[in-house]
*Asks:* 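Mind looking over this structure? Questions follow.
For clarity, every value in this text was computed on a predicted model and none was experimentally measured.
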Amino acid sequence: MADSIGAPFRRSSEPGPAASPFQAPRLTLRWPTLSDVRSYWPHLLILSVLLLLLYGQICIKLVSDWYALPDFSHGFLVPFFVLFILWEKRHTLAGTSRVPSWTGILLVALSLVTLLMGVYGAELFFSRTSLVLLLAGIVWTLCGLAVLRELQFAFFVLCLGIPIPAVIFNQITFPLQLLASKAASSVLPVLGVPVLQQGNVIQLASMQLEVAEACSGIRSLLSLFTVAVLYGYLTEKTTRDRVILGLASIPIAVLANIARITGTGLCVQYWDPQKALGFFHEFSGWLMFLVSLVCLELVRQALHWGHAKHTKKEQRA
């Protein structure tokens, strides 16, 4: 066993203090070469087959949901961006020492328990989350905690591709519907459009507008947050700026959706109700998303301006 899978692990030849009889021998670890991979490819094959048997149907259903549910269509970006992160970190990972740890087995066990909860509890969220936990547990067990820390953002991005549970989704959607309805009903009278708002229904002079779940803004919020996280990783160097950019996407998405509903009300009042609920309704969604991206860039530029101003003050001091 040691000859087949232990090729990447070499006993250190450097002199050091006498080891305690209760301590494991110190190992100097390196990343496996192609010849090492070939030596233990049967183990990798067995592991891949087990993962396919456990999660094959779960992954197929996940991709199907990305395609069928517009609220989570951003999930198609997730696997490609994770691969990009791994490629970008290849040199950092190559320089990170690997210290296999049996502690990672606890995370593997937790992931399997979560899988059972998802399968027998008919909750897809648990089943899908268990895959991320299992991959993290495998990395921790085989490569150590240092490697897992280097890959923690990649695992976070994987979680962004998992649709949130319906119970939580509904708890977020309805307050957003009410918020958008109230805000639009407050802005429209200022622009000369009389309205009567009852819950998520806005009564105009010529027709009634209902802010449905699809118009709550949850779709643009989830997509914009994911894009903000990816954009922040690509453009910012500090974790603080990346977090600020990600959090800024939430109010931006909410305000953009309010502007979209307000624009729809204006089109109903001053243009054509049929076109307002047809062409404009679809076009405004893409338009507001592009405006949201511009707002994200403005936030990023404001962060850079603040850093530059702070640096100048320090230099003067």
*Asks:* Indicate yes or no: at least one non-hydrogen side-chain atom of L124 is less than 4.5 angstrom from one of P165.
*Replies:* no
*Asks:* Please evaluate residues V254 and N257 with respect to the criterion side-chain contact (heavy atoms from CB on, under 4.5 Å), reporting the C-alpha separation (whole Å), side-chain torsions for both, the decisive distance (0.1 Å), and the verdict.
*Replies:* CA-CA 5 Å; V254 173; N257 189 56; 6.0 Å; no
*Asks:* Considering only residues two or more places apart or on different chains, which pairs with a residue in residues 115-128 satisfy side chain to side chain donor-acceptor pair (under 3.5 Å)?
*Replies:* D65-R128
*Asks:* Over all heavy atoms of both residues, which pair between F72 and I164 is shortest? Give the atoms and the distance, please.
*Replies:* CE2-N, 3.8 Å
*Asks:* Is L148 close to F155 at the side-chain level, that is, under 4.5 Å between some pair of heavy atoms?
*Replies:* yes
*Asks:* Does F289 reach the side chain of S223, with side-chain heavy atoms less than 4.5 Å apart?
*Replies:* yes
*Asks:* Is there a side-chain contact between T235 and R300 in this structure, where contact means two heavy atoms from C-beta onward sitting under 4.5 Å apart?
*Replies:* yes
*Asks:* Closest approach of L245 and G232, non-hydrogen atoms and distance?
*Replies:* CD2-CA, 3.6 Å
*Asks:* Please walk me through it: do L176 and L221 pass side-chain contact (heavy atoms from CB on, under 4.5 Å)?
*Replies:* CA-CA 10 Å; L176 286 176; L221 193 154; 4.3 Å; yes
*Asks:* Run the side-chain contact (heavy atoms from CB on, under 4.5 Å) test on L115 and Y55 for me, step by step, so that the C-alpha distance in whole Å, both residues' side-chain angles and the decisive distance to 0.1 Å come before the verdict.
*Replies:* CA-CA 9 Å; L115 176 62; Y55 293 99; 3.8 Å; yes
*Asks:* Checking side-chain contact (heavy atoms from CB on, under 4.5 Å) for the pair C59/L131: CA distance, chi angles, key distance, verdict?
*Replies:* CA-CA 9 Å; C59 290; L131 175 58; 3.8 Å; yes
*Asks:* State, to 0.1 Å, how close S185 and V195 come at their nearest heavy-atom pair, and which atoms those are.
*Replies:* O-CG2, 3.5 Å
*Asks:* Once you round to the nearest 0.5 Å, how far does CG of L287 lie from CZ of R260?
*Replies:* 10.0 Å
*Asks:* Can you tell me how far apart CG (L151) and CD1 (I85) are? Round to the nearest 0.5 Å.
*Replies:* 9.0 Å
*Asks:* Measure from the ring center of W66 to the ring center of F76 and say whether it is less than 6.0 Å.
*Replies:* yes
*Asks:* With sequence neighbours excluded, give me every salt bridge (Lys or Arg N to Asp or Glu O under 4.0 Å) pair touching residues 132-153.
*Replies:* K89-E150
*Asks:* Heavy-atom distance under 4.5 Å between the side chains of S101 and T141, does that happen here?
*Replies:* no
*Asks:* Taking atom OH of Y233 and atom CG of D241, what is their separation to the nearest 0.5 Å?
*Replies:* 15.0 Å
*Asks:* Check salt bridge (charged side-chain N to carboxylate O under 4.0 Å, His left out) between E88 and all other residues, then give those that pass, not counting sequence neighbours.
*Replies:* none
*Asks:* Taking L230 as the starting point, is it possible to reach I244 by hopping between hydrophobic residues whose side chains are less than 4.5 Å apart?
*Replies:* no
*Asks:* Looking only at heavy atoms, what is the nearest atom pair of F84 and L234, with distance?
*Replies:* CE2-CD2, 3.3 Å
*Asks:* Between CD1 of I138 and CG of L134, what distance do you get to the nearest 0.5 Å?
*Replies:* 4.0 Å
*Asks:* Is S111 reaching over with its side chain to a backbone N or O of V108, donor-acceptor style, under 3.5 angstrom?
*Replies:* yes
*Asks:* Rounded to the nearest 0.5 Å, what separates atom CZ in F125 from atom OG1 in T114?
*Replies:* 10.0 Å
*Asks:* Show the nearest heavy-atom pair for residues F225 and L160, with the distance to one decimal.
*Replies:* CE2-CD2, 3.8 Å
*Asks:* Is there a path of hydrophobic side-chain contacts, each under 4.5 Å between heavy atoms of I/L/V/M/F/W/Y residues, joining L158 to F126?
*Replies:* yes
*Asks:* Using the rule that Ile, Leu, Val, Met, Phe, Trp and Tyr join whenever any side-chain heavy atoms are under 4.5 Å apart, tell me whether V229 and L86 fall into a single cluster.
*Replies:* yes
*Asks:* Applying the 4.5 Å side-chain criterion to the ILVMFWY set and letting contacts propagate, would V299 and L247 be lumped into a single cluster?
*Replies:* no
*Asks:* Can you confirm whether L224 sits close enough to L293 that some side-chain heavy atom of one is under 4.5 Å from a side-chain heavy atom of the other?
*Replies:* yes
*Asks:* Roughly how far, to the nearest 0.5 Å, is the CZ atom of F81 from the CH2 atom of W87?
*Replies:* 16.0 Å
*Asks:* Locate the shortest heavy-atom distance separating A154 from V82; write the atom from each residue and the value.
*Replies:* O-CG2, 3.8 Å
*Asks:* Taking T262 for the side chain and I258 for the main chain, is one N or O donor matched with an acceptor at less than 3.5 Å?
*Replies:* yes
*Asks:* Quick one, Y231 with E297, criterion side-chain hydrogen bond (donor to acceptor under 3.5 Å, both in side chains). Give me CA distance, side-chain angles, the key distance, then yes/no.
*Replies:* CA-CA 9 Å; Y231 185 56; E297 176 60 21; 2.2 Å; yes
*Asks:* Are I250 and L222 connected into the same hydrophobic cluster when the rule is that any two of I, L, V, M, F, W, Y join if their side-chain heavy atoms are below 4.5 Å apart?
*Replies:* yes
